Amino acid sequence: MSKFIRILSIDGGGIRGIIPGQILVLLEDKLQKRTGNPEARIADFFDFIAGTSTGGILTCIYLCPDPQNPARPRFRASEAVEFYQQRGKKIFSRTLGQKIRSLWGIIDEKYSAEPLEKLLENYFFDLKLSDLLKPCLIPAYDIQKRRAYFFTQHDAKVDEKSDFFIRDVARATSAAPTFFEVAKVTSLTNNFYPFIDGGVFANNPALCAYAEVRTKLKDKLSEAELSAGNPEVKTAVLLSLGSGNIKERYDYEKAKDWGMLQWVRPVINITMTGVAETVDFQVKQVFDTLNKPEQYLRINPVIRNNSSMARMDNTSDENVNNLSEFGAGIAQNYSKKLDEFIEFLL
């Protein structure tokens, strides 16, 4: 068993979840070869997983128990990627009627949530958050109480008020404003929550994950993993995966005279990428402080804004293939880094 607390964090990003998914396909393959165990899974080598939006869906897939063997993960990493490759079109699909009713997404949500909800139900049935195999954190935002909410498996296991169906957790964290309607979610104790996508405040949940491990899990992880008492940065390793850093440049001469309408889209893009970069900076500083920079690995490749891959809802066959190839290529580019990081996981 590793002497480190092993944390995996996955950003949001819609269909671009294929990118971190492909990186984890390579990581799982490497772990299987290193251990000589073809049945090894991502969940076996991380003590805690955090994911926002598409990263939250991936978190649920990696930690989903096998109905035939509830102590083991149901899905391979490759099957998590297939969720997007084979079913992305269903998630981001709309009829002509939907386009007209919403004025192409201007006065109503762009997509019906029904295909996504059916897909999540087919994946997770009536499994509960408390059934997931490892502690985890999945953010959403409560628009009625105006506060951040964190779905946590370790709390759900001891408090039914914190327990939800996994399908509802995945729906809530991915309820991206303008793309899908607000998620109407009810806990197992019948408490109602109106949730939107956790990416509005924690698109990169790495720091949330580390804080949760530090403050709440000291009694829930093994003594070997927490021999120093409260987990400190020197006892933790963190792999943080982004879904592509969209770098759109804005010309000063054009932007200086923009009003509310022109600033809406740029502000969303700047906020999402800026918050993710800030979290990366903060986590890096935490690990650097104790001279343990090698215990933090962030992979978030830059995607050109004019690339078809930049859109989080582009599910054309060509784009899905491009994302798959791009993600696999990024994984290979970081192959040596992943080999080094595996030493912390084993």
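From a predicted model like this one, the values you see are computed outputs, not experimental measurements. The first residue of the sequence shown is numbered 1, and numbering continues consecutively from there.
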Pair Tyr62 and Phe75, ring centroids less than 6.0 Å apart: no
Plane angle bin for Phe164 and Phe151 - parallel if under 30°, tilted between 30 and 60°, otherwise perpendicular: perpendicular
Whether Gln153 side chain and Leu132 backbone form a donor-acceptor pair below 3.5 Å: yes
Donor on one side chain, acceptor on other, Glu277 and Asn245, under 3.5 Å: yes
Note, Phe150 side chain near Thr173 side chain (heavy atom, < 4.5 Å): no
Distance-only side-chain donor-acceptor flag, Tyr84 / Thr54, under 3.5 Å: yes
Closest heavy-atom pair and its distance - Ala183, Ala172: CB-CA, 3.8 Å
Validation row: Thr152, Cys136 side chains within 4.5 angstrom (heavy atoms): no
Heavy-atom closest pair, residues Leu24 and Ile42: O-CD1, 3.7 Å
Tyr296 and Asp288 side chains, donor-acceptor separation under 3.5 Å: no
Non-hydrogen side-chain atoms of Phe83 and Leu119 separated by less than 4.5 Å: yes
Ser324 and Gln85 side chains, donor-acceptor separation under 3.5 Å: yes
Heavy-atom closest contact (Glu181 atom, Ala175 atom, distance): O-CB, 4.0 Å
Nearest heavy-atom neighbours spanning Phe92 and Ile15: CE1-N, 4.1 Å
Any donor-acceptor N or O pair under 3.5 Å, side chains Lys30, Ser335: yes
Rounded distance (nearest 0.5 Å) linking atom CG of Asp168 with atom CG of Asp163: 11.0 Å
Plane angle bin for Tyr111 and Phe180 - parallel if under 30°, tilted between 30 and 60°, otherwise perpendicular: tilted
Check: Arg74 side chain, Tyr123 main-chain N or O, donor-acceptor pair, under 3.5 Å: yes
Hydrophobic cluster membership, Leu133 vs Leu129, 4.5 Å side-chain cutoff: no
Shared hydrophobic cluster, Phe326 / Val81 (ILVMFWY, side-chain heavy atoms < 4.5 Å): yes
Heavy-atom check, side chain of Thr178 versus side chain of Lys110, under 4.5 Å: no
Crowding at CD, Glu39 (>12 non-hydrogen neighbours, <6.0 Å): yes
Short side-chain to backbone donor-acceptor contact, Gln32 and Pro38, under 3.5 Å: yes
Ala276 backbone acceptor or donor facing Asn203 side chain under 3.5 Å: no
Backbone N/O of Phe46 and side chain of Asp44: donor-acceptor pair under 3.5 Å: no
Thr52 (side chain) donor-acceptor with Gly12 (main chain) under 3.5 angstrom: no
Candidate pair Thr235 and Gln295, rule side-chain contact (heavy atoms from CB on, under 4.5 Å), full reasoning: CA-CA 9 Å; Thr235 66; Gln295 290 174 207; over 6 Å; no
Side-chain donor/acceptor of Gln262 to backbone N/O of Gly259, under 3.5 Å: yes
Lys256 atom NZ, over 12 foreign heavy atoms within 6.0 Å: yes
Shortest non-hydrogen contact between Val279 and Ala206, atoms and distance: CG1-CB, 4.1 Å
Check: Ser174/Asp197 side-chain N/O donor and acceptor closer than 3.5 Å: no
Qualifying residues under salt bridge (Lys or Arg N to Asp or Glu O under 4.0 Å), relative to Glu253, sequence neighbours excluded: none
Residues, nucleotides or ligands: over 12 heavy atoms within 6.0 Å of Phe281 CZ: no
Considering all heavy atoms, the nearest Pro266-Tyr250 contact: CA-OH, 3.4 Å
Side-chain heavy-atom pair Ile7, Val237 within 4.5 angstrom cut-off: no
Intermediate values then yes/no, salt bridge (Lys or Arg N to Asp or Glu O under 4.0 Å), Asp29 and Lys33: CA-CA 6 Å; Asp29 181 65; Lys33 290 175 179 175; 3.1 Å; yes
Test of ring centre spacing under 6.0 Å for Phe341 and Tyr334: no
Worked verdict on Leu239 versus Ser9 for side-chain contact (heavy atoms from CB on, under 4.5 Å): CA-CA 6 Å; Leu239 175 61; Ser9 174; over 6 Å; no
Heavy atoms from other residues, nucleotides or ligands near CZ of Arg304 exceed 12 (cutoff 6.0 Å): no
Any side-chain heavy-atom pair of Ile49 and Ile138 under 4.5 Å: no
Sole residue of Phe195, Tyr141, Phe201 in ring-ring contact (aromatic ring centres under 6.0 Å, His included) with Tyr149: Phe195
Evaluation steps, side-chain contact (heavy atoms from CB on, under 4.5 Å), between Arg34 and Ile342: CA-CA 9 Å; Arg34 280 291 304 274; Ile342 283 174; 3.8 Å; yes
Flag, side chain of Ser162 to backbone of Ala156, donor-acceptor distance under 3.5 Å: no
Leu238 vs Leu297 side-chain heavy atoms within contact, under 4.5 Å: no
Arg76 side, atom CZ; Glu28 side, atom CD - distance, nearest 0.5 Å: 7.0 Å
Aromatic Phe165 / basic Arg167 pairing, under 6.0 angstrom, 45° off normal: yes
Leu27 reachable from Leu346 in the ILVMFWY side-chain graph, under 4.5 Å edges: yes
Criterion side-chain contact (heavy atoms from CB on, under 4.5 Å) on Ile91 and Thr315, from CA distance to verdict: CA-CA 9 Å; Ile91 297 172; Thr315 56; over 6 Å; no
Test item: Cys64 and Ile61 side chains (from C-beta on) under 4.5 Å apart, heavy atoms: no
Met309 reachable from Val25 in the ILVMFWY side-chain graph, under 4.5 Å edges: yes
Verify same cluster id: Ile299, Leu58 (apolar side-chain graph, 4.5 Å): yes
Donor-acceptor under 3.5 Å (Asp131 side chain, Lys128 main chain): yes
Contacts of Val182 that satisfy side-chain contact (heavy atoms from CB on, under 4.5 Å) - sequence neighbours left out: Ile143, Pro194, Ile196
Backbone of Phe48 reached by a side-chain donor or acceptor of Lys134 within 3.5 Å: no
For Lys118, all residues meeting side-chain hydrogen bond (donor to acceptor under 3.5 Å, both in side chains), sequence neighbours excluded: Glu114
Steps toward salt bridge (Lys or Arg N to Asp or Glu O under 4.0 Å) verdict (Asp47, Arg6): CA-CA 5 Å; Asp47 304 299; Arg6 303 161 297 179; 3.1 Å; yes
Between Asp11 and Ser243, a side-chain donor and acceptor under 3.5 Å: no
